[in-house]
Every structure is written in structure tokens, then in C-alpha cells.
Amino acid sequence: MILLTGGLGYIGSHTAVELAEAGYDFVIIDNLSNSKIEVKDKLEQIIGSPIKFYKGDVQNEEILTKIFTENDIDAVIHFAGYKAVGESVAKPIEYYDNNINTTLALLRVMRKFNVKNFVFSSSATVYGRAKSMPIYEDFEVSATNPYGRTKLFIEEILKDAYVADNSLNIALLRYFNPVGAHKSGLIGENPNGIPNNLMPYITRVATGKLDHLNIFGNDYPTKDGTGVRDYIHVCDLALGHVKAVKKLETAPGLVVYNLGTGTGYSVLEMVNAFNEVCGNKVKYEFAPRRPGDIDVCYACPDKAEKELGFKATRNLKDMCESSYNFEINNK
Ligand code: NAD
Ligand code: UFG
């Protein structure tokens, strides 16, 4: 049985689907701080059976203890946390508190119940301004904002925990830019308020909820002047977690993987691909660069392919179509 923290969120819910498909049992804890309980019903529709769910905070060791007592947990995938870069600058204490203390609480309860396998949602943000592209796992890490620092600190905490207890198996998964949605259109990315990220902003422009997209910068040293990122379909990313869980079953110790495609697309390429899918509904204007943004970021995905047998297969069209489909379904 696998415990998914934050399993009703964007990446957690898609991972739940892939785990079920691969035959794994799981239980979810989520405090609904950035998700809705309806996601549980949607997941049950997709999977076709009831889901075990605990509403609660991962910082609360009493509820964790209850979960570990009532379920035979042998691995934890830790998605729960706050994730908005801009908000983390305004609310650093909340970010450090939630992201770090959830991890510590889990590690304490895992130790109590002798659970050894832990998958952590890290981020390409830990590479800061990488010295060259593509980005390899052994590149130096750094952070430029409190959110990124929580990821960096948690990686360090997990490395220290592993040094102290070599029987732990820990996968640090550094996600690049997750986009897209499940093909059913039932689950997807549904941020509160005005989206910060590119794809949810595009889908809201396409459906008339927002007037136009501001493209932050057209003077970067890239193919067309706009920022380049490694967008990975969330269902591919979800499959990466299944592969990571399987890897931990072989007791590899602490392992680090990029989860990306290895291909960088510019903002303009994303907009053009999306317009082909939705019929030219995405208006845009060029705006100044967004503070803190980097020009280019894409992964070398070879290590995950070689050691996990993981390779993203869904293309840009799949990413745009599924995002649009989800937005229309959730109008
Ligand atoms: P999300 O906000 O959709 O999901 C996180 C879930 O955790 C939400 O359902 C939220 O209600 C829950 N949660 C938060 N704090 C909690 C707590 N203390 N107790 C219980 N539940 C709690 O985010 P996501 O996009 O699915 O991201 C999942 C993880 O992946 C996060 O750790 C995030 O930092 C990381 N990540 C995300 C991206 C991205 O672009 N989406 C990129 C890199 C890394
Ligand atoms: N962009 C726009 N207009 C928008 C939103 C974004 O032009 O309205 C551009 C950005 O400038 C950037 C690209 O679209 O060039 C992607 O931006 P996102 O905000 O979607 O993603 P980021 O690469 O900035 O950051 C995301 C997550 C971080 C995570 C990082 C790496 O938000 O938390 O990917 O995984 F750390």
C-alpha cells in the first residue's frame, strides 16, 4: 500500500490513476488547501472503484499514525506542499513551515513504522541558472526564492536521513514543467485565481475567462526570443512515479532523477501549438520579462530512461488537446 500525500492535487491525482492501472493499492491524505474533494469522485469514476481518503494535514502526526496503523504502508509519495514561487516570496514562513514540516513529520512516522521507501516531488527549480543545457542530475544546485529553497533544503534533509539510515530508499524526482490532463477530461490543473503558469493561463484565454496572454519577454537569446521550457505531459510524469516506486523496491538507496522530455519549447511555440488545437483563440501581447525567470531550461532525461525505464511519449499536441479538453469540461 502506497501513501500519497497531496493525492488530490494536480500531479498526485494523475499519479493515483497510473498507480491503480499498474495494480498498486494506495491511500490518500490531503487537507484540500489547494484541491477540491470532488477530485476524489472523479478519480473513483476513472479508476472504477472507491478510494481510501483521509482529510487531514500531513504535519499532524496523529493522523499519520492512524493512517499507518490502519493501512500496511510500504512506500510514501510526498506531493503535499505549497508550490507558487511568487507567493513564497510574500509568505516564506508558511512555505518553510508547510513544505519542510510535512516532510519531517512523514520521516518520523515512517521511522516509527519501519517504512523505508520515500519518493519526493522535487523540481527543476533546484538547478537555478544552470551552466549549460541540457541539465544533468549532477549539476550544481541552488535556489533563488523561498519555494525553491524549500525543495533544496528537503533534498538535503533526505540526504542526511539516508546517511543516518542506509536502509532507507529515497527517490528525488526533479520535475520539469508538467502540463496537460487525463484524457477523460475529469481531472487536470485547476489553480485558484489568476494562474501563474503558462498552460493554465493559455487555457483560460482560450475559453474566454481571461482576455489575453502576456508573454513575458521576447528578447531572450532563444530561437524566437521567448522563454524555453521542457513541458512534460502530467500522465507521463505520473508514470515516472510508478517507475520510481518499482525502482525503490530494488533497494537502490538514494537516487535522483530528472523527469522531463529533453525537448525545449518556446512560449510562442506553445501558443501556436495550442492555437492549432483550439482554433486560434489565444490572443497574446509581448510584455516585459518576469523577474526571476531564466531564458532556457530543459532536462537530459537519459538517466531516468536508463535506470527507471522511463520515457515520456506524449507530444505537444497531446499536452495542448488534453489541457483544452479539461478546461472546457470544467467551465
Ligand atoms: P497541487 O497544489 O495541485 O497539489 C498539492 C496537494 O497537496 C494539494 O491537493 C493540497 O491541498 C495538498 N496539501 C498541501 N499542503 C498540505 C498539507 N500540509 N497536508 C495535506 N495536504 C496538503 O500541486 P502539484 O502541482 O500537484 O504539485 C505536487 C508537488 O510537486 C508539490 O510538492 C510541488 O511543489 C511539486 N512540483 C510541482 C510542479 C508543477 O509545476 N506543478 C513542478 C515541480 C514540482
Ligand atoms: N509565461 C508567460 N506568460 C505567463 C506565464 C508564463 O510568458 O502568463 C512564460 C514564462 O516567462 C516562462 C514560461 O512561460 O518562460 C513558463 O512559465 P511557467 O510559470 O509556466 O513555469 P516556470 O518554468 O517559470 O516554473 C515552473 C513552476 C516552478 C518550477 C519550474 C521548474 O512554476 O515551480 O517550473 O519545474 F520550479
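Residue numbers start at 1 and run along the sequence shown. Both ligands and their constituent atoms are indexed starting at 1 by order of listing. Just so it is clear, the structure is predicted and the values come from calculations on it, not from any experiment.
- Interface atoms of ligand 1 facing A80, defined by a heavy-atom separation under 4.0 Å, are 7 (O), 13 (N), 16 (C), 21 (N), 22 (C).
- Aromatic ring centres of Y175 and H241 lie closer together than 6.0 Å.
- Counting atoms of ligand 1 from 1 in the listed order, those under 4.0 Å from a heavy atom of D57 are 17 (C), 18 (N), 19 (N).
- Under a 4.0 Å criterion applied to the non-hydrogen atoms of L32, ligand 1 contributes the atoms 11 (O).
- Under 4.0 Å is where a charged nitrogen must lie from a carboxylate oxygen, and between R129 and D295 no such pair does.
- The residues E61 and K112 are annotated as not salt-bridged, no charged nitrogen and carboxylate oxygen being separated by less than 4.0 angstrom.
- Of the N or O atoms in F176, none lie within a sub-3.5 Å distance of an N or O in ligand 1.
- Counting heavy atoms from C-beta on, the side chains of C297 and D230 never come closer than 4.5 Å.
- Here the protein heavy atom with the shortest distance to atom 13 (N) of ligand 1 is N31 OD1, 3.4 Å.
- A salt bridge is defined here as a Lys NZ or Arg NE, NH1 or NH2 lying under 4.0 Å from an Asp or Glu carboxylate O, and E156 with K159 meets this definition.
- Looking only at protein heavy atoms, the nearest one to atom 24 (P) of ligand 1 is K83 NZ, 3.7 Å.
- Only the side chain of N98 comes within contact range of ligand 1, with a heavy atom under 4.0 Å; no backbone atom does.
- Between the side chain of D236 and the backbone N or O of R314, at least one donor-acceptor pair lies under 3.5 Å.
- Around atom 10 (C) of ligand 1, the closest heavy atom drawn from I77, V179, D30 belongs to D30.
- Considering only non-hydrogen atoms, atom 19 (N) of ligand 1 lies nearest to V58 out of T5, L8, V58.
- Evaluated by nearest non-hydrogen atom to atom 32 (O) of ligand 1, the leading choice among F79, Y175, Y82 is F79.
- A parallel orientation is assigned to the rings of F153 and Y96, their planes being inclined by less than 30° (bins at 30° and 60°).
- Looking at S322, its side chain never comes within 3.5 Å of a backbone N or O of G180 through a donor-acceptor pair.
- Distances from ligand 1 to the non-hydrogen atoms of R174 include no value under 4.0 Å.
- Nearest-residue assignment for atom 43 (C) of ligand 1 (options S123, G81, G6; heavy-atom criterion): S123.
- Among protein heavy atoms, the minimum distance from atom 2 (O) of ligand 1 is reached at N34 ND2, 2.7 Å.
- Hydrophobic clustering of Ile, Leu, Val, Met, Phe, Trp and Tyr side chains at less than 4.5 Å, counting indirect connections, keeps I170 apart from L308.
- No salt bridge links K66 with E62; every basic N to acidic carboxylate O contact stays at or beyond 4.0 Å.
- Here the side chains of I11 and L237 are in contact, with some heavy-atom distance below 4.5 Å.
- A distance-only check finds no donor-acceptor pair linking the side chain of N197 to the backbone of M199 [under 3.5 Å].
- Residue, atom and distance of the protein heavy atom nearest to atom 33 (C) of ligand 1 are Y147 OH, 3.7 Å.
- Per-residue contacts place S33 under 4.0 angstrom from the following atoms of ligand 1 (heavy atoms of the residue considered): 10 (C), 11 (O), 13 (N), 14 (C), 15 (N).
- Counting only heavy atoms of the protein, atom 37 (C) of ligand 1 lies nearest to I11 CD1, 3.7 Å.
- Put simply, the side chain of Y95 gets close to the backbone of A84: a donor and an acceptor are under 3.5 Å apart.
- Listed by atom number, the atoms of ligand 1 under 4.0 Å from S122 heavy atoms are 43 (C), 44 (C).
- Salt bridge status for K116 with D165: present, with a side-chain N to carboxylate O gap under 4.0 Å.
- At the top of the distance list for atom 3 (O) of ligand 1, counting protein heavy atoms only, stands Y10 N, 2.9 Å.
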Short N or O contacts of ligand 2 with protein, under 3.5 Å, listed by atom name?
| residue | atom | partner | partner atom | Å |
| --- | --- | --- | --- | --- |
| ligand 2 | 3 (N) | N214 | O | 2.7 |
| ligand 2 | 7 (O) | N214 | O | 3.4 |
| ligand 2 | 7 (O) | F216 | N | 2.9 |
| ligand 2 | 11 (O) | D293 | OD2 | 2.6 |
| ligand 2 | 17 (O) | R290 | NH2 | 3.4 |
| ligand 2 | 19 (O) | N197 | ND2 | 3.1 |
| ligand 2 | 19 (O) | R290 | NH1 | 3.4 |
| ligand 2 | 19 (O) | R290 | NH2 | 2.8 |
| ligand 2 | 20 (O) | N197 | ND2 | 3.3 |
| ligand 2 | 20 (O) | L198 | N | 2.9 |
| ligand 2 | 21 (O) | N177 | ND2 | 3.2 |
| ligand 2 | 23 (O) | N177 | ND2 | 3.0 |
| ligand 2 | 23 (O) | R229 | NE | 2.6 |
| ligand 2 | 24 (O) | R290 | NH2 | 2.9 |
| ligand 2 | 32 (O) | N197 | ND2 | 2.8 |
| ligand 2 | 34 (O) | N177 | ND2 | 3.4 |
| ligand 2 | 35 (O) | S123 | OG | 3.3 |
| ligand 2 | 35 (O) | Y175 | O | 3.1 |
| ligand 2 | 35 (O) | F176 | O | 3.0 |

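- E327 has a carboxylate O that lies under 4.0 Å from a charged side-chain N of K209, or vice versa, which qualifies the two as a salt bridge.
- Given atom 4 (O) of ligand 1, the protein heavy atom at minimum distance is G9 CA, 3.4 Å.
- Under 4.0 Å is where a charged nitrogen must lie from a carboxylate oxygen, and between K131 and E140 no such pair does.
- In this structure, the protein non-hydrogen atom closest to atom 40 (O) of ligand 1 is P178 CD, 3.3 Å.
- Per-residue contacts place G56 under 4.0 angstrom from the following atoms of ligand 1 (heavy atoms of the residue considered): 19 (N), 20 (C).
- The proximity of E189 to ligand 1, defined as any non-hydrogen pair under 4.0 Å, does not occur for either the backbone or the side chain.
- For a threshold of 3.5 Å applied to N or O pairs, the pair formed by S35 and ligand 1 contains at least one separation below that value.
- Using a 4.0 Å cut-off between heavy atoms, T102 contacts ligand 1 through its side chain alone, with no backbone atom that close.
- Ring geometry for F139 versus Y127: interplanar angle over 60°, hence perpendicular rather than tilted (30 to 60°).
- Atoms of ligand 1 found under 4.0 Å from any heavy atom of S121 (numbered from 1 in listed order, with element): 29 (C), 30 (O), 32 (O), 35 (C).
- Put simply, the side chain of I37 reaches to within 4.5 Å of the side chain of L8, judged on heavy atoms.
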